[in-house]
Amino acid sequence: MTRTVITTENAPALAAPLSQGIRKGPVLQVSGQLPLDPDTGEVVGTTVAEQTAQTLRNVNAVLKAAGAGLEDVIMLRVYLTDPAHLAEMNEAYAAAVGEPFPARTTVYMQLPPGLLVEVDALAVLDD
């Protein structure tokens with residue numbers, strides 16, 4: 001099976017040694033996306049709801065570049081900086097992702113200043 005790098009200008013390019021996404025066979029892994037504007041690289045929003053919406057737009061952009069969509073996602077991992085943000089993130093997440101929801105794990109961690117959320121995705125595509 002060939003490993004294919006997924007790249008799009010519709011999601012931010014990060015200054016780190018990673019690919020926006022990798023597909024091997026039917027499996028697509030989208031790297032952790034941040035709430036950055038793809039054109040400017042600037043953080044979008046100051047609330048966890050605003051940042052969650054932008055982060056999921058970036059995840060969707062990488063999925064789309066691979067010929068996939070949220071309907072192909074089986075797992076989303078959400079990284080939050082503060083447990084107090086969970087309810088607000090859940091509301092924005094539910095609006096952006098819609099039912100049926102993929103499986104999900106939420107982890108609390110430290111992100112660079114100004115960043116409140118990061119999301120990565122695992123999708124399985126039909127060949």
Side-chain angles (χ1 to χ4, degrees):
M1 270 184 239
T2 303
R3 187 172 83 155
T4 304
V5 175
I6 308 301
T7 304
T8 179
E9 293 179 358
N10 296 319
L14 300 175
L18 56 83
S19 299
Q20 289 173 316
I22 293 286
R23 180 175 179 178
K24 188 165 185 180
V27 177
L28 170 64
Q29 177 66 54
V30 176
S31 288
Q33 296 297 304
L34 297 168
L36 304 177
D37 181 289
D39 295 324
T40 67
E42 298 295 318
V43 176
V44 173
T46 57
T47 69
V48 75
E50 293 167 325
Q51 289 194 15
T52 298
Q54 181 61 45
T55 299
L56 289 168
R57 282 191 292 273
N58 293 340
V59 168
N60 274 318
V62 179
L63 290 168
K64 185 176 178 181
L70 281 171
E71 67 276 4
D72 300 303
V73 173
I74 60 169
M75 177 67 168
L76 285 165
R77 280 173 291 271
V78 176
Y79 305 88
L80 287 176
T81 59
D82 186 341
H85 293 156
L86 183 61
E88 184 181 351
M89 183 280 298
N90 274 334
E91 192 173 316
Y93 174 96
V97 174
E99 293 187 43
F101 299 113
R104 186 182 98 191
T105 298
T106 302
V107 178
Y108 300 103
M109 63 176 284
Q110 184 174 355
L111 289 168
L115 299 175
L116 304 174
V117 64
E118 181 175 355
V119 178
D120 72 68
L122 178 64
V124 178
L125 289 69
D126 296 326
D127 279 336

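Given the structure is predicted, the values throughout are model-derived calculations rather than measurements.
Sorted by first and then second residue, the pairs that involve residues 55-70 and meet side chain to side chain donor-acceptor pair (under 3.5 Å), not counting sequence neighbours, are Q54-R57, Q54-N58. Residue pairs meeting the side chain to side chain donor-acceptor pair (under 3.5 Å) criterion with at least one member in residues 90-102, sequence neighbours excluded, are N90-R104.
No donor-acceptor pair under 3.5 Å is formed between the side chain of Q20 and the backbone N or O of V30. Here the side chain of E88 pairs no donor or acceptor atom with the backbone of L86 at under 3.5 angstrom. In this structure, E118 contributes its side chain and L111 its backbone to no donor-acceptor pair below 3.5 Å. The backbone N or O of G114 sits less than 3.5 Å from a side-chain atom of Q51, completing a donor-acceptor pair.
Other residues, nucleotides and ligands contribute at most 12 non-hydrogen atoms within 6.0 Å of the CD atom of Q110. No more than 12 heavy atoms of other residues, nucleotides or ligands shown are found within 6.0 angstrom of CE on M1.
Both L70 and L28 belong to a common hydrophobic cluster when Ile, Leu, Val, Met, Phe, Trp and Tyr are linked at side-chain heavy-atom distances under 4.5 angstrom.
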For side-chain contact (heavy atoms from CB on, under 4.5 Å), just list the numbers for V107 and V78, CA-CA rounded to whole Å, side-chain angles, deciding distance to a tenth of an Å, and then say yes or no.
CA-CA 6 Å; V107 178; V78 176; over 6 Å; no
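In this structure, the side chains of V5 and I22 come closer than 4.5 Å at one or more pairs of heavy atoms. With contacts defined as side-chain heavy-atom distances shorter than 4.5 Å, the pair D72/L63 does not qualify. Between V27 and L122, some side-chain heavy-atom pair lies under the 4.5 Å cut-off.
Considering T106, T105, D120 as possible partners of Y79, the one that fulfils the side-chain hydrogen bond (donor to acceptor under 3.5 Å, both in side chains) test is D120.
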